Trainee: 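The structure is given below, and queries will be raised subsequently.
Count residues from 1 along the sequence. In this text, all values refer to a predicted model and were calculated from it rather than measured experimentally.
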Amino acid sequence: MQQLQFAHLSTQVLVPGDDKRPSLGQTLWQGDDGTARAGVAWDWVSMPAGVVAMVDPMALITNLQFLTPEGEVLAPFESARQLNEIVHALPWQYEVQRALSAQH
């Protein structure tokens with residue numbers, strides 16, 4: 001399988017923030033290599049000074065499976081590094097900022 005190219009599907013603001021609490025939401029991305037599709041989603045939180053962060057880097061939701069060189073499926077906690085590499089390569093903070101801007 002070729003490398004999946006991930007594209008933004010949706011970002012939702014689930015809790016609009018105010019001066020006393022941060023905004024919270026979820027973002028969803030889809031990867032496609034022409035023969036297979038995969039999705040990855042995670043929760044985010046807005047921080048002071050306009051910074052957005054993942055709520056929990058270990059709590060990504062996905063249908064991706066990663067294999068060892070021997071072909072064994074990695075456990076979800078063992079796949080966290082690969083999933084986080086995918087997430088950090090995406091412009092997801094931009095999409096979150098766009099969703100937050102649309103709220104105002």
Trainee: Quick one: does any side-chain atom of Asn84 pair with a main-chain N or O of Pro57 as donor and acceptor, under 3.5 Å?
Mentor: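 Pair found, side chain donor or acceptor close to backbone of Pro57.
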
Trainee: Using 0.5 Å steps for rounding, measure from the CG atom of Leu60 to the CD atom of Gln82.
Mentor: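 If we round to the nearest 0.5 Å, Leu60:CG and Gln82:CD are 11.5 Å apart.
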
Trainee: Over 60° means perpendicular and under 30° means parallel, so tell me whether Trp42 and Trp29 are parallel, tilted or perpendicular.
Mentor: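 Because their plane-to-plane angle is under 30°, the rings of Trp42 and Trp29 count as parallel.
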
Trainee: Counting N and O atoms only, with roles assigned by atom type, does the side chain of Glu78 sit under 3.5 Å from a partner on the main chain of Ala75, one being a donor and the other an acceptor?
Mentor: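 Pair found, side chain donor or acceptor close to backbone of Ala75.
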
Trainee: Rounded to the nearest 0.5 Å, what's the gap from CG on Leu4 to CD1 on Ile86? Could you check?
Mentor: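 Reported to 0.5 Å precision, the distance equals 7.0 Å.
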
Trainee: Same hydrophobic cluster for Ile61 and Leu14, using side-chain heavy-atom links shorter than 4.5 Å among ILVMFWY?
Mentor: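 Looking at the clustering, Leu14 is in a separate group from Ile61.
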
Trainee: Specify the closest pair of heavy atoms between Arg37 and Asp32, including all atoms of both residues, with the distance to one decimal.
Mentor: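 The pair with the smallest heavy-atom distance is NE-OD2, 3.3 Å.
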
Trainee: Considering all heavy atoms of both residues, which atom of Ala38 and which atom of Phe6 are nearest to each other, and what is their separation?
Mentor: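 What the structure gives for the nearest pair is O-CE2, 4.1 Å.
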
Trainee: How far apart are the C-alpha atoms of Val13 and Leu100, what are their side-chain angles, what is the distance that settles it, and do they pass the side chain to side chain contact (heavy atoms under 4.5 Å, CB included) test?
Mentor: CA-CA 7 Å; Val13 178; Leu100 287 168; 4.0 Å; yes

Trainee: Mind checking whether Val51 and Val45 sit in one hydrophobic cluster, side chains of I, L, V, M, F, W, Y counted as touching below 4.5 Å?
Mentor: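 Yes, Val51 connects to Val45 through the hydrophobic network.
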
Trainee: If every non-hydrogen atom of Trp92 is compared with every non-hydrogen atom of Val87, which pair is closest and at what distance?
Mentor: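 Looking at all heavy atoms of both residues, the closest pair is CD1-O, 3.3 Å.
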
Trainee: Might you work through the side chain to side chain contact (heavy atoms under 4.5 Å, CB included) test for Leu67 and Leu74, ending with a clear yes or no?
Mentor: CA-CA 6 Å; Leu67 304 177; Leu74 291 177; over 6 Å; no

Trainee: Does some side-chain heavy atom of Arg21 sit less than 4.5 Å from a side-chain heavy atom of Val15?
Mentor: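 The answer is yes; the side chains approach within 4.5 Å.
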
Trainee: Considering non-hydrogen atoms only, spot the tightest contact between Thr62 and Gly39 and give its length.
Mentor: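 Distance-wise, the nearest heavy atoms are OG1-O, 2.6 Å.
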
Trainee: Under a 4.5 Å cut-off applied to non-hydrogen side-chain atoms, are Leu83 and Leu64 in contact?
Mentor: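 The answer is yes, as the side chains (C-beta and beyond) meet within the 4.5 Å cut-off.
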
Trainee: Please report the shortest heavy-atom distance between Pro16 and Ser23, naming the atom on each side.
Mentor: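 Smallest heavy-atom distance, with atoms named: C-OG, 3.9 Å.
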
Trainee: Is Met54 reachable from Val52 through a run of hydrophobic residues whose side-chain heavy atoms are each under 4.5 Å from the next?
Mentor: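 Yes, Val52 and Met54 fall within the same hydrophobic cluster.
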
Trainee: Between atom OG of Ser10 and atom CD of Gln30, what is the distance when rounded to the nearest 0.5 Å?
Mentor: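 Answer rounded to 0.5 Å: 10.5 Å.
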
Trainee: Can you name the closest pair of heavy atoms from Leu90 and Gln93 and give their distance?
Mentor: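 Heavy atoms of Leu90 and Gln93 come nearest at O-OE1, 4.0 Å.
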
Trainee: Check whether any side-chain heavy atom of Asp33 sits under 4.5 Å from a side-chain heavy atom of Gln5, and report yes or no.
Mentor: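 They are not in contact (no side-chain heavy atoms under 4.5 Å apart), so the answer is no.
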
Trainee: Kindly compute the distance separating CH2 (Trp44) from OG1 (Thr27), expressed to the nearest 0.5 Å.
Mentor: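 One gets 9.0 Å once the value is rounded to the nearest 0.5 Å.
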
Trainee: CZ of Arg81 to CE of Met58: how many Å apart, nearest 0.5 Å?
Mentor: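 It comes to 12.0 Å.
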
Trainee: Please round to the nearest 0.5 Å and tell me the distance separating atom CG of Leu9 and atom CD of Glu95.
Mentor: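 One gets 10.5 Å once the value is rounded to the nearest 0.5 Å.
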
